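A short worksheet on the structure shown next.
Computed over heavy atoms, backbone and side chain alike; hydrogens, waters and symmetry mates excluded. Order of the sequence lines sets the chain letters (A, B, ...), proteins ahead of strands, with each chain counted from 1. Quick caveat, the model's predicted, so the values are computed rather than measured.
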Amino acid sequence: MAAMRLSRLLFVTLREDPADAEVRSHALMARAGFLQKLAAGIYVYGPMMWRVLRRIEHIVRDEHDKAGCLEMLMPALQPRELWDTSGRWDRYVNDGILFHFKDRRGSEVCLGPTHEEVMTTYVQRQVQSYKQLPVILYQIQTKFRDEIRPRFGLMRGREFIMKDAYSFDTSAEAMVESYQRMREVYRSIFSRCGLRFTPVQADSGAIGGSGSEEFMVDADTGEDAIAVCRATSYAANLEKAVSRIPAPAQPAEELPMHKEPTPHARSCEDLLALFPELPITRMLKTVLYAVVYADGSEGVVAVMCRGDREINEVKLSNHLQALQLELASEEQVKAATGAEVGFAGPIGLASHVRLLADQSVEGVKGFLCGGNETGTHYLDVYFGRDLEQPETVDFGTVQAGDQVMDGEGEIEITRGIEVGHIFQLGTKYSEAMDATFSDENQKTKPIWMGCYGIGVSRVAASAIEQNHDEHGMIWPLPIAPFAVHLVQMKAGNAEQDALSLEIHDKLEAAGVDVLWDDRKKVSPGAKFKDADLVGIPLRIVVGRDAASRGVEWSLRAQAGEKEAISADEAMQRAIQMAQEAGR
RNA sequence: CGGGGAGUAGCGCAGUCUGGCAGCGCAUCUGCUUUGGGAGCAGAGGGUCGCAGGUUCGAAUCCUGUCUCCCCGACCA
């Protein structure tokens with residue numbers, strides 16, 4: 001094998017962050033030449049980056065294969081008809097997320113953002129009998145999503161590498177078994193990658209289905225907020241999380257409802273200033289949404305919510321089975337309430353408005369709400385006495401300090417990067433695409449499905465987001481581009497040349513990959529800075545003690561802790577650590 | 001989609017207001033010295049100033065159009 005000499009690796013580092021890098025992982029990978037941006041959300045993976053991605057892929061493959069999953073490869077190009085069959089074409093085009101175009105004959109095609117349709121079709125033609133099930137198929141492939149706003153380097157790209165797997169079972173119970181098996185596969189994968197992560201309950205979103213969990217890499221810079229409880233180990237995506245919220249304040253005496261002038265008071269903050277003795281838990285805001293329903297019809301929905309709480313649009317959208325949900329426009333608010341924005345309330349809404357309430361209104365008495373007239377609010381309003389309580393559902397967002405639903409424990413809000421997501425799909429796709437099997441009694445039944453995704457390129461970015469310092473990246477050993485960074489101080493010095501070559505060859509022979517900095521005319525300082533930047537976990541420095549077979553040993557993660565040891569001892573340590581890390 | 005900002009050497013930027021030789025730092029190349037935390041000196045190469053059109057004796061600079069990139073908002077009444 002040819003030695004991995006840095007001087008031959010097209011190795012270029014930048015001293016400054018690129019101007020467009022917003023997060024550390026992106027800036028560091030760009031500075032180290034791992035990544036090069038080609039267009040918004042589209043990146044070239046350089047040779048070092050590709051080694052990392054292959055490491056991750058190797059772990060992903062290994063764990064899937066061990067669990068009996070079958071690897072295959074599906075096309076990236078997909079015909080529209082397939083997506084019309086599942087009914088997702090319009091939704092994805094509406095969301096603007098689908099790359100689609102016409103081929104030379106005028107047929108519409110898209111670049112696959114995911115592969116449920118293709119996979120279900122494949123299985124529909126391939127599977128006839130219960131004897132062929134269960135089966136779990138997977139692929140590692142480039143996915144395409146025209147993100148509304150690509151950002152954060154590899155975190156949210158428009159083209160990215162994803163592992164997607166699909167399970168096929170004969171019953172709901174068997175589907176849950178496959179799902180549980182994949183949960184374990186996912187835990188093993190992220191553990192083996194050397195990442196600290198939290199599995200959380202999740203909303204199933206556009207893909208549809210019932211049970212769903214996300215795997216979040218713990219990182220303060222993560223895009224997603226998650227609700228976790230140390231005491232009960234409850235963990236859920238904020239879109240899904242539920243909690244017991246603090247009880248509202250109660251009025252001292254029951255007063256009749258009355259309307260008060262509240263000029264310019266459009267927010268709870270304004271109203272708190274106006275009525276200083278009224279607690280915010282006795283203010284109910286009414287938020288208006290414009291909704292497009294799944295059948296294409298449109299409407300306006302008003303949702304009541306306690307002043308100190310916030311509405312969770314994902315929960316609301318799911319309950320309404322909405323295709324689109326956004327805050328109502330100024331005009332829509334005026335048409336619904338007859339008032340300027342800021343004075344909406346449940347009493348006297350236009351008849352076309354559907355009124356709902358978040359469960360945070362439960363038990364609130366003598367409350368304030370908008371007057372549906374510019375510059376007025378009602379006070380001392382009671383459900384049951386002054387108006388009927390509208391349909392009340394959990395549309396709330398949990399907040400830090402809430403109590404968990406079952407058991408004793410306080411919820412904390414932390415952040416994470418979603419690197420994996422698993423779903424129980426049920427029969428949604430199999431029914432739409434007629435993927436059925438014959439059971440023991442020759443009865444035709446739809447196949448029960450699950451689907452399971454891992455953002456491979458995102459795993460790499462999140463590893464850096466989680467592990468870096470001011471000098472550069474710190475790769476976990478299992479997924480590092482190389483296990484050992486062999487830093488030769490003075491290339492051309494006979495003793496150093498000989499010892500470096502020996503260390504390189506012996507480690508490679510033992511299956512440990514080595515990046516050998518053999519560059520001439522590069523100062524020691526520059527070599528150390530570059531080594532810090534690329535973050536290879538194990539470091540062996542060949543320098544002044546080369547003649548006596550002495551080297552310096554250090555770990556990138558423990559900068560500053562350097563040991564002078566023999567070359568043989570260093571090799572032994574490197575081999576052992578690489579093996580322990582499963583390389 | 002809306003709002004803001006930016007496109008000048010591989011990277012980071014100045015120059016644009018007030019039109020007149022296209023600059024600086026890093027990187028690259030050559031030579032000499034240097035070699036355990038981004039070395040020094042001397043020299044060199046590298047640019048259709050995003051693109052198209054216009055104004056002008058003359059445009060990186062002014063005008064029009066266009067493309068691309070980045071940030072903020074997608075928000076609680």
Extract all donor-acceptor atom pairs below 3.5 Å that involve side chains of residues 482-494 of chain A and protein atoms in other chains or at least two apart in sequence.
unit_1, atom_1, unit_2, atom_2, d
A/Gln488, OE1, A/Ser500, OG, 3.4
A/Gln488, OE1, A/Trp516, NE1, 3.0
A/Gln488, NE2, A/Lys490, O, 3.3
A/Gln488, NE2, A/Asp497, OD1, 2.7
A/Asn493, OD1, A/Glu495, N, 3.1
A/Asn493, OD1, A/Gln496, N, 2.9

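Distance check on atom P: B/C76 versus B/U16 gives 41 Å, rounded to whole Å. A gap of 12 Å separates the C1' atoms of B/G19 and B/C57, to the nearest Å. Only the P atoms considered, B/G25 is 25 Å distant from B/U61, to the nearest whole Å. Separating the C1' atom of B/U30 from that of B/G46 is a span of 15 Å, rounded to the nearest Å. Straight-line distance between the C1' atoms of B/G45 and B/U28: roughly 9 Å, to the nearest whole Å. Nucleotides B/C11 and B/U18 are separated by 31 Å at their P atoms, to the nearest Å. Distance check on atom C1': B/A22 versus B/C13 gives 14 Å, rounded to whole Å.
B/C17 makes up no base pair with any nucleotide shown, lacking Watson-Crick or G-U wobble contacts both under 3.5 Å. Under the Watson-Crick and G-U wobble criteria, each requiring two contacts below 3.5 Å, nucleotide B/A42 is paired to B/U30. With a 3.5 Å ceiling on both atom-pair distances, the Watson-Crick or G-U wobble partner of B/C1 is B/G73. Across all strands shown, B/U64 forms a Watson-Crick or G-U wobble pair, both distances under 3.5 Å, with B/A52. The partner of B/C11 is B/G25, judged by Watson-Crick or G-U wobble contacts that both fall below 3.5 Å.
The side chain to side chain donor-acceptor pair (under 3.5 Å) search around A/Glu310 returns none, not counting sequence neighbours. Looking at residues two or more places apart in sequence or on another chain, you find no ring pair (Phe, Tyr, Trp, His ring centres under 6.0 Å) involving A/Tyr378. A search for ring pair (Phe, Tyr, Trp, His ring centres under 6.0 Å) contacts involving A/Trp553 returns nothing, not counting sequence neighbours. With sequence neighbours left out, the side-chain contact (heavy atoms from CB on, under 4.5 Å) criterion links A/Val522 to A/Arg519, A/Ala526, A/Lys527. Remark: A/Phe343 engages A/His377 in a ring pair (Phe, Tyr, Trp, His ring centres under 6.0 Å) (not counting sequence neighbours). Listed by chain and number, the residues in a ring pair (Phe, Tyr, Trp, His ring centres under 6.0 Å) with A/Phe11 amount to none (sequence neighbours excluded). A/Arg24 is linked by a side chain to side chain donor-acceptor pair (under 3.5 Å) to A/Asp17, counting only residues two or more places apart in sequence or in another chain. For A/Glu502, the side chain to side chain donor-acceptor pair (under 3.5 Å) criterion is met by A/Lys506, A/Arg549, not counting sequence neighbours.
At a threshold of 4.0 angstrom between heavy atoms, the contacts of A/Arg31 include nucleobase atoms, whether or not backbone atoms are also involved. Here A/Arg266 lies in heavy-atom contact (under 4.0 Å) with sugar-phosphate atoms only. A/Val12 comes within contact range of no nucleotide atom at all, as no heavy-atom separation falls under 4.0 Å. Within 4.0 Å of A/Cys268, counting heavy atoms only, lie sugar-phosphate atoms of the nucleic acid but no base atom. Among the heavy atoms of the strands, none lies under 4.0 Å from A/Val303. Within the 4.0 angstrom heavy-atom criterion, no nucleotide atom of any strand lies near A/Lys527.
In the model, A/Glu214 has no side-chain atom that pairs as donor or acceptor with a side-chain atom of A/Gln201 under 3.5 Å. A/Ser7 and A/Asp518 share a side-chain donor-acceptor pair at under 3.5 Å.
Using a 4.0 Å cut-off, no side-chain N or O of A/Lys520 falls inside it from OP1 or OP2 of B/U35. The side chain of A/Lys285 contributes no N or O atom lying less than 4.0 Å from OP1 or OP2 of B/C76.
Rounded to whole angstrom, the span from the CG atom of A/Asp270 across to the P atom of B/C76 amounts to 12 Å. Atom P of nucleotide B/A6 and atom CG of A/Asp20 are separated by 16 Å, given to the nearest angstrom. Distance, A/Phe11 CZ to B/A27 P: 14 Å, rounded to whole Å.
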Return the polar atom pairs (N/O with N/O) between nucleotides 73-75 of chain B and the protein under 3.5 Å, or none.
none

Can you tabulate the close N/O pairs, meaning under 3.5 Å, that link protein atoms to atoms of nucleotides 7-11 of chain B?
none

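Near-neighbour residues of RNA chain B inside residues 336-350 of chain A, defined by a heavy atom below 4.0 Å, number-ordered: A/Val341, A/Gly342, A/Phe343.
Look at A/Lys102 and A/Glu108 and you find no salt bridge, because none of the NZ, NE, NH1 or NH2 atoms lies under 4.0 Å from a carboxylate O. Ion pair A/Glu373/A/Lys259 flagged as a salt bridge, since at least one NZ, NE, NH1 or NH2 atom sits closer than 4.0 Å to an Asp/Glu carboxylate oxygen.
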